[in-house]
Amino acid sequence: MAGGIYNHTEIEEKWQQVWASLRLFQDTQQLKAQQKEFLLFAFAYPSGSGLHVGHVESKTALDIKARFSRMNGKNVYFPVGWDAFGLPAENYAIKTGIHPVETTKAAINTFRQQIQRLGISYDWANETATNHPDYYRWTQWLFLQLYKKGLAYQGLGMVNWCPSCQTVLANEQVVNGKCERCDSLVEQRDLKQWYFKITEYKDELLTGLDDVDWPEPTRQQQRNWIGKAKGLAIDFSLEETGQKMTVWTKFWETVFGVTFVVIAPEAFNKMNLLEKVSVDRRAEVEKYLETAKHKTEEERRIGEKDKTGVLTGLTVINPVNGSKVPLFIADYVLMGVGTAVVMGVPAHDERDFAFAKKYNLPIKQVVTYTDQALDQAVRNGDQAVEAPGLLVNSGVFDGQEAWGDGKQAMADWMIKEGFADWQTTYKLRDWLISRQRYWGAPIPVVYDPEGQPHPVKEEHLPWVLPVDVDFKPTGESPLKSSKEFIERTERLYGVGWRPEFDTMDTFVDSSWYFLRYCDSRNKEKFADEQKLAHWLPVDLYLIGPEHIVLHLLYSRFFTKFLRDEGYLKVDEPFAKMRHQGMILGPDGKKMSKSKGNVINPDEIVEEFGADTLRVYEMFMGPLETDKPWDPRAVAGVYRFLRRVHGLVLDNKQQLQHHLDLKSSLPLQRKLHQTIRKATFNIPQLKFNTVISTMMELTNLWEEEKKTAGFLSNEDLLSFILLLAPFAPFLTEELYSLCFSGQEKNDEYRGVHVQSWPIFDPVLAQEENVNFAVQVNGKIRAQMQVEAGQAGEKDFVLKKAKELAEVKLWLEGKAIVKEIFVPGKIVSFVVR
RNA sequence: GCCGCGAUGGCGGAAUUGGUAGACGCGCGAGACUUAAAAUCUCGUUCUAGCAAUAGAGUGUGGGUUCGAUUCCCACCCGCGGCACCA
């Protein structure tokens with residue numbers, strides 16, 4: 001072959017070194033006049049097992065975007081960093097005794113090498129890691145700012161406790177009553193913990209979703225998580241004391257059907273109602289309250305079908321009709337939803353029905369249904385029905401539509417009468433950030449000898465994580481074992497003072513990193529205001545769907561808070577977001593060591609090179625879908641790159657022999673079509689179709705070559721530039737061989753700082769346009785029309801009718817309708 | 001149960017968003033080169049019938065709108081993800 005063989009290893013190792021010594025695309029944080037583009041990849045946890053093929057997909061996708069944007073003259077910032085605190089390193093330390101500082105460092109080094117080997121054009125000069133004191137001093141600073149504004153507070157309450165991880169978990173980290181990380185059953189414990197008051201921003205966290213370019217399902221999921229629901233708070237009253245007993249409901253039109261009222265155990269305690277319970281019932285009520293308190297999440301879940309509760313003996317008065325109904329305590333009523341008091345309407349609510357059956361309570365129908373059998377079932381108390389119907393047994397509202405007009409009328413009436421008002425409830429809870437773990441940022445709080453908390457002074461930041469710590473889990477925070485930590489606290493704050501021994505949830509670290517990226521080496525501030533104003537918001541955030549709820553919500557909360565503090569000018573941190581799918585094993589299942597279907601990117605790089613790995617992963621399918629790995633298709637991509645290598649070098653040789661070589665017309669046309677496709681599809685992250693078009697081009701090139709058809713010097717350059725973002729090593733090699741822009745001691749002039757080629761719409765146009773001719777909706781013929789005449793309706797229709805195949809179908813029929821779509825189709829409707 | 005997503009050849013996927021379904025790649029079949037194999041190259045490859053031209057069917061299922069539907073509407077089936085005693 002003309003240009004020798006494609007030695008990917010040699011080429012890639014060579015250029016990796018050249019780029020590194022040139023410091024290509026490093027130190028790119030400076031403000032420039034050009035349009036900025038801030039590209040962000042989800043903060044990665046540097047796990048001990050190294051880079052995964054899934055990482056390669058999203059990093060490559062953003063890298064292509066970064067390179068494309070640079071070639072189009074944008075000032076691109078593409079930083080990298082590590083979400084380096086966290087449980088795996090600590091658990092490993094417990095097992096092996098090796099300090100997390102060591103393992104984390106080693107893991108980061110591995111990741112860095114692997115990523116550099118892939119040719120990802122990250123700005124390593126601004127690399128950050130959350131476990132560095134330079135980083136976490138600002139995590140702690142953020143805590144202090146929240147504390148000052150009362151948005152970081154200490155609360156006593158029931159918390160989720162994982163007995164295996166020996167730590168508290170956020171509600172979000174409990175999955176099906178089990179620990180997200182280790183699958184142990186989660187228990188409830190009463191502990192004093194630090195919270196961030198994210199609920200302060202609940203409404204804005206909701207409305208802000210309207211202003212961002214995110215996938216709609218993601219926004220919907222955030223909305224669901226915040227869980228805003230409008231309902232009516234109706235003031236029932238306690239007969240014994242006259243106290244208000246406000247219930248909350250979305251189905252207030254059934255209020256005439258109330259036969260009992262249920263209160264959550266916690267709400268019952270809060271109202272101090274135990275003393276009002278008669279002596280003979282008190283023991284039983286107390287016992288119920290006590291067991292409810294210690295139920296685990298799992299027990300509550302199992303209890304779903306079997307609703308437990310206890311009769312208080314107290315009586316509640318329904319304001320709409322003065323009827324007196326019993327008050328129950330039951331843990332199926334959740335604290336924090338509405339008023340934590342529920343009206344029991346067993347005829348029209350499944351849960352109330354189950355409860356009424358169990359405790360033998362009356363069932364009162366207040367909605368009738370046209371379906372006779374259904375209506376009978378409700379009347380007999382055999383079934384609860386939650387469906388639209390007509391109101392009955394509801395005083396003046398009888399005959400009005402439940403779920404319709406009657407609903408509105410009833411609300412208006414109750415509000416006017418003064419015993420009800422609108423009340424909105426949210427699912428979103430404050431964010432519990434205390435963790436009884438070692439490998440995290442210490443919470444910057446100290447306690448005076450009386451046990452009162454005080455913030456650590458800002459001049460004492462970073463409030464350094466002590467090193468003399470025993471990791472062994474004891475159920476208490478590992479930091480308690482550090483002598484240095486306590487001595488430091490006493491030295492700085494006085495004898496008898498103690499530090500907070502808990503560390504922060506690692507979500508705190510990883511939910512503001514994009515802000516630090518804007519000015520990652522700043523010693524005075526978390527970031528300079530000017531730089532923040534310049535780089536924010538993030539222009540494109542590529543993130544896995546697993547981070548949709550928590551990380552995004554927290555990041556948005558911090559952004560809004562810091563904006564209110566005057567540090568930021570943006571309301572939303574991530575202007576545009578897209579998700580990458582998962583790369584599955586060749587068996588179509590999620591990759592896992594136990595299934596033995598894990599593909600190691602290092603092996604692919606070794607065998608086929610980083611360019612092949614990159615192009616293959618981009619070629620697999622749409623970025624956002626899950627895609628199985630196909631080992632054989634990798635080889636197909638390798639063949640493509642090898643063919644490119646051969647074609648370009650062959651073409652170069654032709655150019656040397658024929659200095660004024662012009663491109664063959666079909667090849668030139670295809671080239672311009674390819675530029676057009678790439679120019680439009682790369683910004684949309686539709687890489688798979690761009691690659692297939694480039695493959696079509698090389699197929700044609702191969703074909704043209706047989707008849708001495710080649711690309712001109714200029715067109716050959718365009719082709720190499722097109723491929724450059726996808727296969728940076730190979731294209732750099734080809735560029736240097738064909739266009740040798742490399743001169744020693746000179747500025748870098750390689751392929752990656754060239755301008756993106758511009759397509760010529762005239763050159764991209766086909767000579768002839770193909771029309772399909774339909775008769776009664778079926779294609780009966782194909783027809784070529786010169787491009788210039790493809791828009792002329794009469795001409796094209798006439799020509800179509802003259803076709804022999806068409807005549808056959810039109811013969812003896814009357815044409816009822818003629819449809820003409822320029823450049824596409826001609827359609828006759830005949831009878 | 002609720003919310004969301006998806007379904008196209010043997011496989012991964014294309015289809016300018018109502019205009020020629022199956023681009024590109026993989027696999028498979030046949031052939032060339034070779035002592036042979038690998039590699040490479042050429043041709044073919046949705047299904048059915050036919051030597052063929054061609055005809056018919058076809059984008060999860062059943063209906064609908066339209067000259068024309070993978071695309072829009074209605075009802076369902078299956079798979080995946082999230083939430084779930086939320087009143």
Side-chain angles (χ1 to χ4, degrees), chain A residues 1 175-176 215-221 223-225 227 229 231 247-252 254 262 264 300-301 303-307 330-334 336-345 348-352 354-355 386 425-427 545-546 548-549 582 584 586 588 615-616 619-622 624-637 639-640 642-643 646 676-677 680-681 686 688-699 702 770-783 805 815-830:
Chain A
M1 200 196 282
V175 177
N176 283 338
E216 187 50 36
T218 301
R219 294 198 281 185
Q220 199 54 46
Q221 221 173 304
R223 289 188 193 109
N224 290 346
W225 191 266
V247 306
W248 185 83
T249 177
K250 286 198 285 188
F251 302 99
W252 55 84
T254 61
V262 191
R300 277 207 176 197
R301 238 162 49 81
E304 266 179 50
K305 284 172 199 117
D306 179 35
K307 298 202 174 355
D331 60 7
Y332 79 84
V333 178
L334 304 174
V337 181
T339 56
V341 185
V342 179
M343 60 184 206
V345 186
H348 305 286
D349 182 282
E350 299 278 2
R351 284 158 315 179
D352 296 347
F355 195 79
E386 306 171 10
T425 188
Y426 295 81
K427 275 194 228 176
E546 68 276 12
I548 280 177
V549 175
M582 209 190 313
L584 308 169
V615 175
Y616 170 63
F619 183 60
M620 289 173 89
E624 67 277 8
T625 59
D626 293 349
K627 302 160 285 271
W629 185 272
D630 182 353
R632 289 175 302 203
V634 181
V637 169
R639 278 197 283 272
F640 162 65
R642 191 173 52 197
R643 187 176 303 145
R676 180 173 60 193
K677 182 118 186 162
F680 290 127
N681 283 6
K686 288 162 83 174
N688 54 334
T689 53
V690 176
I691 293 166
S692 65
T693 309
M694 290 194 287
M695 285 172 169
E696 284 175 359
L697 174 65
T698 56
N699 289 346
E702 202 81 65
N770 192 29
F771 276 85
V773 184
Q774 295 185 338
V775 179
N776 282 353
K778 278 201 191 299
I779 289 158
R780 296 302 179 186
Q782 298 288 330
M783 169 174 84
E805 306 95 301
I815 296 177
V816 183
K817 200 169 178 181
E818 294 174 341
I819 290 123
F820 171 72
V821 182
K824 300 256 195 274
I825 220 160
V826 171
S827 183
F828 299 108
V829 185
V830 300

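Quick caveat: nothing in here was measured; it's all calculated off a predicted structure. Residue numbers begin at 1 in each chain, while the letters A, B, ... track the order of the sequences.
With a 3.5 Å ceiling on both atom-pair distances, the Watson-Crick or G-U wobble partner of B/A57 is B/U46. B/U40 is paired with B/A32 under the Watson-Crick or G-U wobble criterion, all donor-acceptor distances under 3.5 Å. With both pairing distances under 3.5 Å, B/C78 is matched to B/G6 as a Watson-Crick or G-U wobble pair. Summarising the base pairing, B/G18 is matched to no nucleotide, lacking a Watson-Crick or G-U wobble pair whose two defining distances lie under 3.5 Å. As the counterpart of B/C72, B/G64 is assigned, both hydrogen-bonding distances of the Watson-Crick or G-U wobble pattern falling under 3.5 Å. The nucleotide B/G1 finds its pairing partner in B/C83, both defining distances of the Watson-Crick or G-U wobble pair being shorter than 3.5 Å.
Residue contacts for A/Gly636: at a heavy-atom cut-off of 4.0 Å it reaches the sugar-phosphate backbone alone, with no base atom in range. When heavy atoms are screened at a 4.0 angstrom cut-off, A/Arg676 is found touching no nucleic acid atom at all. Counting non-hydrogen atoms under 4.0 angstrom, A/Gln221 reaches the backbone sugars and phosphates but no base. A/Arg780 comes within 4.0 angstrom of sugar-phosphate atoms only, judged by non-hydrogen atoms across all strands, and of no base. Within 4.0 Å (heavy atoms only), A/Phe251 reaches sugar-phosphate atoms of the nucleic acid but no base atom. Nucleic acid contact class of A/Ile819 (heavy atoms, under 4.0 Å, all strands): base. Residue-level contact check: A/Gln782 touches the bases, meaning some heavy atom is under 4.0 Å from a base atom.
Of the side-chain N and O atoms in A/Lys250, one or more sit less than 4.0 angstrom from OP1 or OP2 of B/A87. Between A/Lys817 and B/C67, a side-chain N or O to OP1/OP2 separation shorter than 4.0 Å is present. Under 4.0 angstrom from either OP1 or OP2 of B/C86 there lies no side-chain N or O belonging to A/Asn224. A close approach under 4.0 Å does not occur between any side-chain nitrogen or oxygen of A/Arg632 and OP1 or OP2 of B/G12.
For the pair A/Gly336 and A/Gln220, both in contact range of RNA chain B, the more 5′-proximal nearest nucleotide belongs to A/Gln220. Comparing A/Val637 and A/Asn770, the nucleotide of RNA chain B nearest to each residue sits closer to the 5' end for A/Asn770.
Here, B/A21 and B/G58 have their C1' atoms 9 Å apart, quoted to the whole Å. Atom P of B/G44 sits at a distance of 15 Å from the matching atom of B/A52, rounded to the whole Å. Nucleotides B/C72 and B/G27 have their P atoms positioned 34 Å apart, rounded to a whole Å. Straight-line distance between the C1' atoms of B/G9 and B/C24: roughly 14 Å, to the nearest whole Å. Rounded to the nearest Å, the gap between the C1' atom of B/A14 and that of B/U65 is 27 Å. Look at the C1' atom in both B/G18 and B/G13: the space between them is 22 Å, to the nearest Å.
Side-chain proximity of A/Lys427 to the nucleotides B/C86, B/A23, B/A87 is greatest for B/C86. Distances were taken from every side-chain heavy atom of A/Tyr332 (C-beta onward) to each of B/U20, B/U40, B/C85; the shortest belongs to B/C85. In the set B/G19, B/G13, B/C24, B/G13 carries the atom at the smallest distance from any side-chain atom of A/Pro622. Comparing atom distances between the A/Leu334 side chain and each of B/G12, B/C86, B/C67 picks out B/C86 as nearest. With B/A21, B/G13, B/C26 as the choices, the nucleotide that has an atom nearest any side-chain atom of A/Ile779 turns out to be B/A21. Distance from the side chain of A/Ala633 is smallest for B/C26 among the nucleotides B/C86, B/G13, B/C26. Here B/A14 is the nucleotide among B/A14, B/G68, B/G13 with the atom lying nearest to any side-chain atom of A/Thr689. Closest to the A/Arg643 side chain, of the nucleotides B/A87, B/C41, B/C24, is B/C41. Closest to the A/Ser827 side chain, of the nucleotides B/U20, B/U16, B/C67, is B/C67. The side chain of A/Lys686 approaches B/A15 more closely than any other nucleotide in the set B/A15, B/A87, B/C67.
For B/U71, the base is anti relative to its sugar; the glycosidic angle deviates from 0 by more than 90°. With its glycosidic angle more than 90° from 0, B/G12 adopts the anti conformation.
Residues A/Tyr332 and A/Lys307 share a closest heavy-atom pair of CD2-CD, 3.7 Å. Summarising the geometry of A/Trp252 relative to A/Thr249, their closest heavy-atom pair is CE3-O, 3.6 Å, with the distance given to 0.1 Å. In terms of heavy atoms, A/Arg643 sits closest to A/Asn699 at NH1-OD1, 3.3 Å. Counting all heavy atoms, side chain and backbone alike, A/Val333 lies closest to A/Ala264 at O-CB, 3.3 Å.
Here A/Phe640 and A/Phe619 keep their ring centres 6.0 angstrom or further from each other.
For the pair A/Asp630 CG and B/G27 P, the computed distance is 8 Å after rounding to whole Å. In this structure, the CD atom of A/Glu696 is 12 Å from the P atom of B/A15, given to the nearest Å. Rounded to a whole Å, the OH atom of A/Tyr616 is 18 Å from the P atom of B/C24. With rounding to whole Å, A/Glu386 atom CD is found 9 Å from B/A87 atom P. Atom CG of A/Leu697 is separated from atom C1' of B/G25 by 16 Å (rounded to the nearest Å). In this structure, the CG atom of A/Asn681 is 11 Å from the P atom of B/A14, given to the nearest Å. Taking atom CZ of A/Arg639 as the reference point, atom C1' of B/G27 lies 11 Å away to the nearest angstrom. A/Met620 has its CE atom 15 Å from the C1' atom of B/C24, to the nearest Å.
Side-chain atoms of A/Gln774 and base atoms of B/G19 include a donor and an acceptor less than 3.5 Å apart. Residue A/Lys307 places a side-chain atom within donor-acceptor reach of the base of B/C85, judged by atom type and a 3.5 Å distance cut-off alone.
For A/Gln774 (side chain) and A/Ile825 (main-chain N/O), no donor-acceptor pair under 3.5 Å exists by modelled atom type. Using modelled atom types, no side-chain atom of A/Thr425 and backbone atom of A/Ala229 make a donor-acceptor pair closer than 3.5 Å. A/Tyr616 contributes no side-chain N or O that, together with a main-chain N or O of A/Gly636, makes up a donor-acceptor pair within less than 3.5 Å. Side-chain N or O atoms of A/Asp349 include none that pairs as donor or acceptor with a backbone N or O of A/Gly344 at under 3.5 Å.
No side-chain heavy atom of A/Lys686 sits less than 4.5 Å from a side-chain heavy atom of A/Val690.
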